[in-house]
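Notes to accompany the following structure.
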2 protein chains.
Amino acid sequence: MRSYGQYCALAKALDVVGDRWTMLIVRELLLRGPSRYTDLRNGLPGIATNLLAERLRDLERAGVITREQAPPPIATNIFRLTERGEALRPVLDALGRWGVPYMEEGPAPGDEFRERWLAWPAELFLEDREPELPPVAIELWVGEEPMVLRTAGGEVHAQVGRAERPDAVLRGTPHVILGVLSGQLELDQARERGLVLEGDERALERVQPQAAPAL
Amino acid sequence: MRSYGQYCALAKALDVVGDRWTMLIVRELLLRGPSRYTDLRNGLPGIATNLLAERLRDLERAGVITREQAPPPIATNIFRLTERGEALRPVLDALGRWGVPYMEEGPAPGDEFRERWLAWPAELFLEDREPELPPVAIELWVGEEPMVLRTAGGEVHAQVGRAERPDAVLRGTPHVILGVLSGQLELDQARERGLVLEGDERALERVQPQAAPAL
DNA sequence: CCGCATCCGGGGCGATACTG
DNA sequence: CAGTATCGCCCCGGATGCGG
């Protein structure tokens with residue numbers, strides 16, 4: 001990116017991560033951990049391949065990510081965030097939180113969706129309000145790939161995958177699931193909009209925000 | 001900006017404020033409060049006039065700013081952040097904080113500078129560690145325009161202008177002043193690099209961070 | 001299949017000129 | 001003062017090719 005040419009911390013930050021797609025690449029690396037080129041590309045629907053390659057080069061030069069050659073049998077590179085790159089998490093948290101209201105309207109026609117993108121609102125909004133009880137696991141089915149929410153140390157962690165014995169299973173559209181996770185939708189309302197909840201309803205209530213956070 | 005076409009809070013946020021110059025326009029409105037077109041332009045060295053006009057239109061349509069017609073005698077518009085726009089402050093705070101390390105190297109050749117941009121690191125790093133004492137005011141001279149730091153309620157507020165009877169006056173380059181404010185530079189080191197401190201040194205020490213924050 | 005490089009059309013960007 | 005108009009250029013997006 002062309003530098004803004006301003007001696008200002010914000011402008012300098014934007015010189016590094018202000019380019020189109022750059023923040024979203026960081027999002028993928030934060031959500032997935034170290035990733036291969038193809039995995040990144042899969043998590044970034046719409047990006048042109050040359051742009052991804054160019055951004056990865058830029059980010060590497062800027063010290064935000066590193067590129068590791070996997071050992072010879074595997075002919076692939078692994079991209080991973082440096083400490084400096086991980087330090088961008090508060091930035092993406094803030095931006096993601098600011099963007100949540102735009103999710104309420106539901107996906108625009110043609111919008112792509114990846115299950116793991118839900119990890120953001122999930123970890124942002126949910127908390128384990130009864131950490132002294134045994135941990136619970138909630139499975140989410142919102143597309144092809146299942147996700148699982150687990151309580152641990154008062155927090156809730158989200159990741160792609162299944163639970164062995166989930167306390168509850170939620171199925172629904174991204175829009176409805178997000179409404180439930182963010183506390184914008186009551187369970188009754190959500191059910192009217194197609195939410196299916198199997199298992200222990202209390203597991204869900206345990207992690208939902210008490211009051212709907214102001215968006 | 002072209003939409004990313006992703007049903008993701010972060011991508012949706014970037015659809016609105018991810019365009020080039022957009023965040024910096026919000027920076028100016030946060031730092032200055034409601035502003036005229038020309039004032040914005042002055043605080044955004046390097047921006048093309050048509051781009052500023054276009055971004056202001058976009059931000060207005062997105063509900064981030066409003067445009068008010070000033071009463072007839074003054075034939076000018078006033079742009080001001082909406083509540084939604086003010087809600088971007090945590091985002092810019094996080095990004096600005098992430099960008100501070102790039103300031104340590106000093107300005108790049110040709111970098112523009114505005115005194116008020118210092119308000120960011122100032123309010124971010126400084127705190128009144130002795131709020132029970134009478135408030136102090138510190139004047140900063142780093143360019144044409146003076147700035148003043150005032151303690152109030154345990155916090156430190158920065159704004160353009162002078163103090164009537166400053167407890168201390170600091171003069172130096174942006175780079176050195178920033179080093180002092182962020183706690184990266186000891187006073188001795190700063191003096192070697194051209195810092196001039198008049199008045200009560202304790203006023204400065206009172207608001208400096210105790211330990212240099214990890215950048 | 002993975003990780004790009006190349007090519008090309010369109011649009012956003014930057015600089016300057018101009019207008020009410 | 002507060003923008004609009006214009007124009008060249010480069011960046012972006014999409015498609016394709018290609019070596020390992």
Side-chain angles (χ1 to χ4, degrees), chain A residues 1-6 11 14-25 28-29 32 34-62 65-80 110-112, chain B residues 1-6 11 14-25 28-29 32 34-62 65-80 110-112:
Chain A
M1 162 173 280
R2 241 183 104 92
S3 168
Y4 284 106
Q6 299 184 356
L14 289 172
D15 282 348
V16 176
V17 295
D19 253 327
R20 189 157 165 80
W21 289 108
T22 302
M23 292 258 211
L24 296 185
I25 293 173
E28 287 302 305
L29 287 168
R32 308 180 52 109
S35 308
R36 295 178 301 171
Y37 182 92
T38 309
D39 297 329
L40 289 176
R41 189 178 153 172
N42 230 291
L44 294 164
I47 196 172
T49 65
N50 57 340
L51 268 195
L52 178 53
E54 187 179 332
R55 293 289 181 271
L56 289 171
R57 261 198 308 272
D58 294 343
L59 286 172
E60 191 183 1
R61 285 187 46 202
I65 67 172
T66 59
R67 173 194 314 251
E68 291 172 30
Q69 296 266 6
I74 318 160
T76 187
N77 290 332
I78 299 290
F79 299 93
R80 94 175 57 219
D111 267 6
E112 297 273 354
Chain B
M1 161 173 281
R2 242 184 102 93
S3 168
Y4 284 107
Q6 299 183 357
L14 290 172
D15 282 348
V16 176
V17 296
D19 252 327
R20 191 158 166 78
W21 290 107
T22 301
M23 292 258 209
L24 296 185
I25 293 174
E28 287 303 305
L29 287 169
R32 310 180 50 110
S35 308
R36 295 178 303 170
Y37 183 91
T38 309
D39 297 329
L40 289 176
R41 189 178 155 174
N42 231 293
L44 294 164
I47 197 173
T49 65
N50 58 340
L51 269 194
L52 177 53
E54 186 180 331
R55 293 291 180 271
L56 288 171
R57 263 196 306 271
D58 293 344
L59 286 172
E60 191 183 0
R61 284 187 47 203
I65 67 171
T66 59
R67 175 195 312 251
E68 292 173 27
Q69 296 265 6
I74 319 161
T76 188
N77 290 333
I78 299 290
F79 299 93
R80 90 175 60 221
D111 268 7
E112 297 272 355

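Per chain, numbering begins at 1; letters A, B, ... match sequence-line order. Because the structure is predicted, anything quoted here is derived from the model rather than measured.
- In this structure, A:Ile25 places its CD1 atom 13 Å from C1' of D:dC12, rounding to the nearest Å.
- OP1 or OP2 of C:dC4 lies within a sub-4.0 Å distance of a side-chain N or O belonging to A:Arg67.
- Listed by chain and residue number, B:Glu68, B:Arg80, B:Thr82 satisfy the side-chain contact (heavy atoms from CB on, under 4.5 Å) test with B:Thr66 (two or more places apart in sequence, or in another chain).
- In this structure, the CG atom of B:Leu59 is 14 Å from the P atom of D:dG3, given to the nearest Å.
- The closest donor-acceptor contact from the side chain of B:Tyr4 to the backbone of A:Arg20 lies at 3.5 Å or more, if one exists at all.
- The main-chain N or O of A:Pro45 is found under 3.5 Å from a side-chain atom of B:Gln6 such that the two form a donor-acceptor pair.
- With sequence neighbours left out, A:Arg32 forms a salt bridge (Lys or Arg N to Asp or Glu O under 4.0 Å) with A:Asp39.
- Secondary-structure annotation of DNA chain C gives the stems C:1-20 with D:1-20, with a stem taken as at least 3 successive Watson-Crick or G-U pairs whose two distances both fall under 3.5 Å.
- Taking B:Arg57 as the reference, nothing meets the salt bridge (Lys or Arg N to Asp or Glu O under 4.0 Å) condition, with sequence neighbours excluded.
- When each of B:Thr49, B:Leu56, B:Asn50 is checked for a side-chain contact (heavy atoms from CB on, under 4.5 Å) with B:Leu52, only B:Leu56 meets the rule.
- Going from atom CG of B:Asn77 over to atom C1' of C:dG20 covers 14 Å, rounded to whole Å.
- By the salt bridge (Lys or Arg N to Asp or Glu O under 4.0 Å) test, A:Asp111 pairs with B:Lys12, sequence neighbours left out.
- Under the 30°/60° scheme for interplanar angles, the aromatic rings of B:Tyr37 and B:Phe79 are found to be tilted.
- Distance CG (A:Leu52) to C1' (C:dT6): 16 Å, rounded to an integer number of Å.
- We find that CG of A:Leu44 is positioned 15 Å from C1' of D:dC12, with the value rounded to whole Å.
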What pairs of nitrogen or oxygen atoms, one from the protein and one from nucleotides 12-16 of chain C, lie under 3.5 Å apart?
{"unit_1": "C:dC13", "atom_1": "OP1", "unit_2": "B:Asp19", "atom_2": "OD1", "d": "3.4"}
{"unit_1": "C:dC13", "atom_1": "OP1", "unit_2": "B:Arg55", "atom_2": "NH2", "d": "2.9"}
{"unit_1": "C:dC13", "atom_1": "OP2", "unit_2": "B:Arg55", "atom_2": "NH1", "d": "3.4"}
{"unit_1": "C:dC13", "atom_1": "OP2", "unit_2": "B:Arg55", "atom_2": "NH2", "d": "2.6"}
{"unit_1": "C:dG14", "atom_1": "OP1", "unit_2": "B:Arg20", "atom_2": "NE", "d": "2.4"}
{"unit_1": "C:dG14", "atom_1": "OP1", "unit_2": "B:Arg20", "atom_2": "NH2", "d": "3.1"}
{"unit_1": "C:dG14", "atom_1": "OP2", "unit_2": "B:Trp21", "atom_2": "NE1", "d": "2.9"}
{"unit_1": "C:dG14", "atom_1": "O6", "unit_2": "B:Asn50", "atom_2": "ND2", "d": "3.4"}
{"unit_1": "C:dA15", "atom_1": "OP2", "unit_2": "B:Gly46", "atom_2": "O", "d": "3.4"}
{"unit_1": "C:dA15", "atom_1": "N6", "unit_2": "B:Asn50", "atom_2": "ND2", "d": "3.1"}

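- In this structure, the OH atom of A:Tyr37 is 9 Å from the C1' atom of C:dC2, given to the nearest Å.
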